[in-house]
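Below is one structure; the comments refer to it alone.
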Amino acid sequence: MGEVNVRELIDAVQQRAGNDDPLALLETAITVAGETNGAADAVIEHYIGAARAANVSWTLIGDKLGVSKQAARQKFAHRLDVSDAIGEAADTMVMAPRLSACLQAAQAAADADDSVPGTHHLLLGLLHTGGAAGVLDRLGITRDRVRQAGARLFEPAVIADDNGHERRVVGDGEADQAVTSARRLAARRGQSQVRTEHLLFCLATDHGSAARRVLSDLDIDTARVKKELEEWIAPVQRRHRRIGRAKTTGRACSFCSCADRPLIAGPGVWICGNCAHTALDILRTEPRGIRTG
């Protein structure tokens, strides 16, 4: 083939492979790269990146390359646009119980539509419980409003999956991809669990999703959604307690409503020094009980 550029090699791989299977494309890329004098690693790297994006394991990639998974990861992982460390962290990310409950509610909403779960079904599910539900409540979003917007925006469609089975889809049918994005967001921000707030953030920032279309139809300012969520999902290294004067911020203690003392910020709440000391006293004297008021 001689010296050719990477784009030409990629086109040659796609033509020769004859299908879009990530491993078939990688195997063909290895063959084509072996016939050239240049750009071999760049072409193989391109298809390894595509395989990883399709969740192909390093074990299978190593098998195609004829090396161990450790050798394949060591050579290529640091070159890929998507951090492999983040990908592996996302794969093992623990799902918060409230998010699990919301996903069950989303599945029930999709079942009611006789549809593959889509991102607007996730929006319905997030109204069930958790921090995201509180944000949606404050924005005036209800299940009825989401359902009505969905009825206006989405016509049912029938599509064939990879196995040729027909599936009914209302909306985008991309709930799984959105949950994966939420996992990756939590991993990138160094957090130990993926929560409802991560998922809502991903839905609000995905311009092409059915959920984002519903929010736009309801005249919801997605910038406000992001602002409401930022403190909940801030990177761990930036999650420090902030102290400020209530006089200058306009904020008040979430427990006694005072607005003239220094306040300590938590996720969506503020507490003054007096209430903090009171809380410590209660914990010391009533370690096994729960006291309110």
Side-chain angles (χ1 to χ4, degrees), residues 55 90-187 191-222 224-226 228-229 232-233 267-268:
N55 295 320
D91 290 343
T92 59
M93 182 68 60
V94 174
M95 187 173 292
R98 289 177 180 174
L99 178 56
S100 296
C102 288
L103 294 182
Q104 292 178 23
Q107 181 64 61
D111 291 344
D113 283 342
D114 189 25
S115 169
V116 175
T119 57
H120 73 296
H121 294 120
L122 291 177
L123 204 55
L124 285 166
L126 287 174
L127 283 160
H128 180 63
T129 188
V135 172
L136 295 172
D137 287 344
R138 287 193 291 277
L139 294 170
I141 299 174
T142 65
R143 290 183 180 84
D144 285 344
R145 294 187 69 198
V146 173
R147 291 192 185 100
Q148 290 164 8
R152 286 193 300 270
L153 294 170
F154 310 124
E155 289 288 338
V158 177
I159 63 172
D161 61 19
D162 293 338
N163 297 316
H165 300 137
E166 290 189 342
R167 305 182 304 169
R168 186 174 187 267
V169 177
V170 178
D172 54 20
E174 295 179 354
D176 286 348
Q177 294 93 316
V179 173
T180 297
S181 296
R183 288 180 179 276
R184 296 184 70 82
L185 174 62
Q191 290 156 357
S192 60
Q193 286 188 329
V194 55
R195 305 190 307 275
T196 64
E197 300 87 357
H198 295 110
L199 182 54
L200 180 56
F201 187 92
C202 290
L203 297 180
T205 54
D206 182 355
H207 293 273
S209 73
R212 175 66 180 259
R213 289 185 63 194
V214 166
L215 292 174
S216 297
D217 184 77
L218 297 177
D219 292 324
I220 301 301
D221 181 2
T222 52
R224 182 183 169 191
V225 178
K226 291 166 61 178
E228 291 254 6
L229 294 168
W232 292 85
I233 64 173

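Below, each value reflects all heavy atoms present in this structure, side chains not excepted, and no hydrogens, waters or symmetry copies.
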Which heavy-atom pair separates [X] from [Y] by the least distance, and what is that distance?
| X | Y | value |
| --- | --- | --- |
| Ala110 | Pro117 | CB-CA, 3.6 Å |
| Val135 | Leu229 | CG2-CD2, 3.9 Å |
| Pro156 | Arg168 | CG-NH2, 3.2 Å |
| Ala204 | Val225 | CB-CG1, 3.8 Å |
| Ile233 | His198 | CG2-CD2, 3.5 Å |
| Arg183 | Met95 | NH2-CE, 3.3 Å |

Sequence neighbours left out, what passes side-chain hydrogen bond (donor to acceptor under 3.5 Å, both in side chains) with Asp206? Give chain and number order.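 Asp206: no side-chain hydrogen bond (donor to acceptor under 3.5 Å, both in side chains) contacts found.
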May I ask you to decide if Arg98's main-chain N or O and Thr129's side chain share a donor-acceptor pair within less than 3.5 Å?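 No: the side chain of Thr129 does not pair with the backbone of Arg98.
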Quick check: do Arg213 and Asp172 have side-chain heavy atoms less than 4.5 Å from each other?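 Result no, sub-4.5 Å side-chain heavy-atom pair not found.
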Using 0.5 Å steps for rounding, measure from the [atom1] atom of [X] to the [atom2] atom of [Y].
| X | Y | atom1 | atom2 | result |
| --- | --- | --- | --- | --- |
| Arg195 | Cys102 | CZ | SG | 12.5 Å |
| Glu197 | Cys202 | CD | SG | 12.0 Å |
| Leu136 | Leu200 | CG | CG | 5.0 Å |
| Thr119 | Arg212 | OG1 | CZ | 11.5 Å |
| Leu123 | Ile141 | CG | CD1 | 6.0 Å |
| Leu203 | Leu126 | CG | CG | 6.0 Å |

Only pairs at least two apart or in different chains count here, so list each salt bridge (charged side-chain N to carboxylate O under 4.0 Å, His left out) that has a residue in residues 145-155.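 Sorted result for residues 145-155: Asp144-Arg147, Arg152-Asp217.
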Count the heavy atoms belonging to other residues, nucleotides or ligands that lie under 6.0 Å from CG of Asp176, then report whether that count exceeds 12.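 No, not enclosed.
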Once ring pair (Phe, Tyr, Trp, His ring centres under 6.0 Å) is applied, do any residues pair with His120, and if so which ones, sequence neighbours excluded?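 For His120 the ring pair (Phe, Tyr, Trp, His ring centres under 6.0 Å) partners, ignoring immediate neighbours, are Phe154.
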Step by step, would you call Asp137 with Leu127 a side-chain contact (heavy atoms from CB on, under 4.5 Å)? CA-CA 8 Å; Asp137 287 344; Leu127 283 160; 4.1 Å; yes
